J.: 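Pasting a structure below so you can have a look.
Note that the coordinates shown come from a computational prediction; the quantities given were computed from them, not determined experimentally. The chains referred to below are lettered A, B, ... by the order of the sequence lines, with proteins before strands, and numbering in each begins at 1.
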Amino acid sequence: MSSRSWFSRALLPWYRENQRPLPWRTSPDPYRIWLSEVILQQTRVDQGTAYWHRFVERFPSVSQLAKASEDQVLRLWQGLGYYSRARNLRTAAQQVVKEHGGQFPADHSTLLKLKGVGDYTASAIASICFGIPEPVVDGNVYRVLSRAFGIATPIDSTTGRKEFRGLAAELLSRAHPGDHNQAVMELGAMVCTPRNPRCDECPLARKCIAKAEGRIAELPVKASKTKTRTRHFNYLLIGAKSGIYLRKRTARTFGRGCGSCRWWRPRRRRRRHY
DNA sequence: GACGCGTGGTC
DNA sequence: TGACCAAGCGT
């Protein structure tokens with residue numbers, strides 16, 4: 001048994017000393033944590049924080065969010081991107097009210113059933129709010145672990161995802177899973193950054209394989225190609241002295257899957273990048 | 001398992 | 001200066 005407690009032993013004190021004072025860290029309220037996790041999916045803290053404030057102010061509880069109209073939620077979400085998150089947010093709030101009496105479920109598998117809650121978000125809520133030892137594996141975790149342990153398995157492969165989740169579970173502090181999970185992500189966001197990591201500030205530096213072997217820039221490894229698509233759009237511009245004509249597209253005029261989009265010619269090319 | 005989804009930052 | 005990335009998820 002290779003004791004890997006050194007990881008958490010080094011990380012937790014660093015986190016307690018260096019964590020940012022983010023507003024959702026003031027209480028373990030599942031509603032507020034869930035809100036922050038959904039907002040932060042593929043979104044930077046700097047961009048999402050103002051939206052988090054808007055939502056907790058306008059909808060202080062999950063039941064109030066559940067009562068909101070879709071338009072209301074989308075208006076509050078405007079500018080954040082990935083708008084299906086906003087629709088799923090409202091749906092999940094309704095699920096919590098109708099299926100759980102307004103209380104968030106406290107286990108990973110039940111959390112997973114909420115719309116817009118995947119493995120990452122379920123683990124984050126379970127560990128942060130309920131102290132359940134579920135490891136989170138996000139982009140930060142892939143980067144920190146691949147470098148610290150010198151793992152070159154592609155993070156976007158099935159075996160890679162399994163390997164990193166297994167390692168994250170092995171490393172996870174059973175006593176403080178929420179802080180541990182947040183600590184790894186905080187390190188990835190503030191110190192072990194994609195480029196120009198601040199290794200001199202890293203509590204794991206002395207044990208970091210990538211640092212010792214000069215492989216920091218190579219890790220983590222991604223296998224998938226990034227594809228660039230060139231699309232050609234044709235626009236019909238209607239000018240009128242009386243102004244601009246706009247109307248809301250509804251399901252009748254805009255199916256999810258635009259059957260009448262035959263006026264553009266897609267062209268695609270693929271490139272490998274290393 | 002691959003793909004689409006949005007905006008903003010970084011080099 | 002286009003490519004890559006950011007606390008992923010649903011289909």
J.: Of A:Arg195 and A:Gly81, whose closest DNA chain B nucleotide lies nearer the 5' terminus?
T.: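 By nearest-heavy-atom nucleotide position, the 5'-most residue is A:Gly81.
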J.: If each of A:Thr158 and A:Arg85 is mapped to the nucleotide of DNA chain B with the nearest heavy atom, which maps nearer the 5' terminus, i.e. the 5' end?
T.: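 Residue closer to the 5' terminus by nearest nucleotide: A:Thr158.
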J.: Would you mind reading off the distance between A:Arg198 atom CZ and B:dT10 atom P, rounded to a whole angstrom?
T.: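 Atom CZ in A:Arg198 sits about 11 Å away from atom P in B:dT10.
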J.: For A:Trp52 and A:Trp24, take the angle between the two ring planes, folded into 0 to 90°, and tell me which bin it lands in: parallel under 30, tilted 30 to 60, perpendicular over 60.
T.: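 Perpendicular, since the angle between the ring planes exceeds 60°.
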J.: In whole Å, what is the span from the CG atom of A:Asn88 to the C1' atom of C:dG10?
T.: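 Spelled out: CG on A:Asn88 to C1' on C:dG10 is 7 Å.
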J.: Ring centroids only, cut at 6.0 angstrom: are A:Phe55 and A:Trp77 within range, meaning strictly under it?
T.: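 Between A:Phe55 and A:Trp77, the centre distance is under 6.0 Å.
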J.: Starting at NE2 of A:His53, measure out to CG of A:Leu35 and round the result to the nearest 0.5 Å.
T.: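 One gets 11.0 Å once the value is rounded to the nearest 0.5 Å.
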J.: For residues A:Leu111 and A:Leu65: do they belong to one hydrophobic cluster (side chain heavy atoms under 4.5 Å, members Ile, Leu, Val, Met, Phe, Trp, Tyr)?
T.: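 Yes, one cluster joins them.
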J.: Examine A:Val136 and A:Leu40 and state if one hydrophobic cluster contains both, with Ile, Leu, Val, Met, Phe, Trp and Tyr joined whenever side-chain heavy atoms are less than 4.5 Å apart.
T.: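 No: no chain of side-chain contacts under 4.5 Å links A:Val136 to A:Leu40.
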J.: Rounded to whole angstroms, how far apart are CG on A:Leu187 and P on C:dA7?
T.: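 Distance, rounded to whole Å: 12 Å.
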J.: Give one of base, sugar-phosphate or nothing for A:Glu186, where a contact means two heavy atoms less than 4.0 Å apart.
T.: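 Result for A:Glu186 = base.
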J.: Mind running a 4.0 Å heavy-atom check of residues 10-38 of chain A against DNA chain B and sending the residues that fall below it, in number order?
T.: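 Within residues 10-38 of chain A, no residue comes under 4.0 Å of DNA chain B.
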J.: Within this structure, what is the CD-CG distance for the pair A:Glu186 and A:Asp179, rounded to the nearest 0.5 Å?
T.: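 With rounding to 0.5 Å, CD (A:Glu186) is 11.0 Å from CG (A:Asp179).
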J.: Taking the P atom in each of B:dC3 and C:dA7, what is the distance between them to the nearest angstrom?
T.: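 Pairwise P distance, B:dC3 against C:dA7, rounds to 23 Å.
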J.: Is A:Lys222 close enough to C:dC5 that one of its side-chain N or O atoms is under 4.0 Å from OP1 or OP2 there?
T.: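 Answer is yes, contact under 4.0 Å.
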J.: Going by number, which of residues 113-145 of chain A have a non-hydrogen atom under 4.0 Å from DNA chain B?
T.: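 Hits under 4.0 Å, by residue number: none.
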J.: Rounded to the Å, how far apart are A:Tyr82 OH and B:dG8 C1'?
T.: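 Result: 12 Å.
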J.: With nearest nucleotide decided by heavy atoms, which residue, A:Gln182 or A:Leu112, maps closer to the 5′ end of DNA chain C?
T.: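 Residue closer to the 5' terminus by nearest nucleotide: A:Gln182.
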J.: Reckon A:Leu80 touches a base, only the sugar-phosphate, or nothing at all at heavy-atom distances under 4.0 Å?
T.: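 The answer is base, as A:Leu80 lies within the cut-off (heavy atoms under 4.0 Å) of a base atom.
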J.: If the threshold is 4.0 Å, N to carboxylate O, is there a salt bridge linking A:Glu213 and A:Arg147?
T.: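 No.
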J.: Just say parallel, tilted or perpendicular for the rings of A:Phe104 and A:Trp34, cut-offs at 30° and 60°.
T.: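 Plane angle between 30° and 60°, so tilted.
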J.: Answer with yes or no whether the side chains of A:Asp71 and A:Ser69 bring together a donor and an acceptor at under 3.5 Å.
T.: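 No donor-acceptor contact under 3.5 Å links the two side chains.
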J.: Take A:Glu37 and A:Tyr120 through the test side-chain hydrogen bond (donor to acceptor under 3.5 Å, both in side chains) and record every step on the way to the result.
T.: CA-CA 9 Å; A:Glu37 293 301 343; A:Tyr120 163 80; 2.6 Å; yes
J.: Under a plain distance cut-off of 3.5 Å, with no hydrogens placed, do A:Arg85 and A:Asn88 share a side-chain donor-acceptor pair?
T.: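 A:Asn88 vs A:Arg85: no donor-acceptor pair found between side chains.
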J.: Can you check the distance between C:dT1 and B:dG8, where both ends of the measurement are the P atom (answer in whole Å)?
T.: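 Comparing P positions in C:dT1 and B:dG8 gives a spacing of 22 Å.
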J.: Grab the CG-C1' distance between A:Leu40 and C:dC9 for me, whole Å please.
T.: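 To the nearest whole Å, that distance equals 15 Å.
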J.: Heavy atoms within less than 4.0 Å of DNA chain B: which residues of residues 42-58 of chain A have one? Give them sorted by number.
T.: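 Here the set is A:Gln42, A:Thr43, A:Arg44, A:Gln47.
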J.: Separation of A:Asn181 atom CG from C:dG8 atom P, in whole Å?
T.: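 Between P of C:dG8 and CG of A:Asn181: 13 Å.
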J.: Can you tell me how far P of B:dG8 sits from CD1 of A:Ile39, to the nearest Å?
T.: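 After rounding, the reported distance stands at 15 Å.
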J.: Hey, which of A:Leu172, A:Asp119, A:Leu167 is the one that makes side-chain contact (heavy atoms from CB on, under 4.5 Å) with A:Pro135?
T.: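 For A:Pro135, the side-chain contact (heavy atoms from CB on, under 4.5 Å) test succeeds with only one of A:Leu172, A:Asp119, A:Leu167, which is A:Leu172.
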J.: Measure the distance from CD on A:Gln41 to P on C:dG8 and round it to the nearest whole Å.
T.: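 About 7 Å, once rounded to whole Å.
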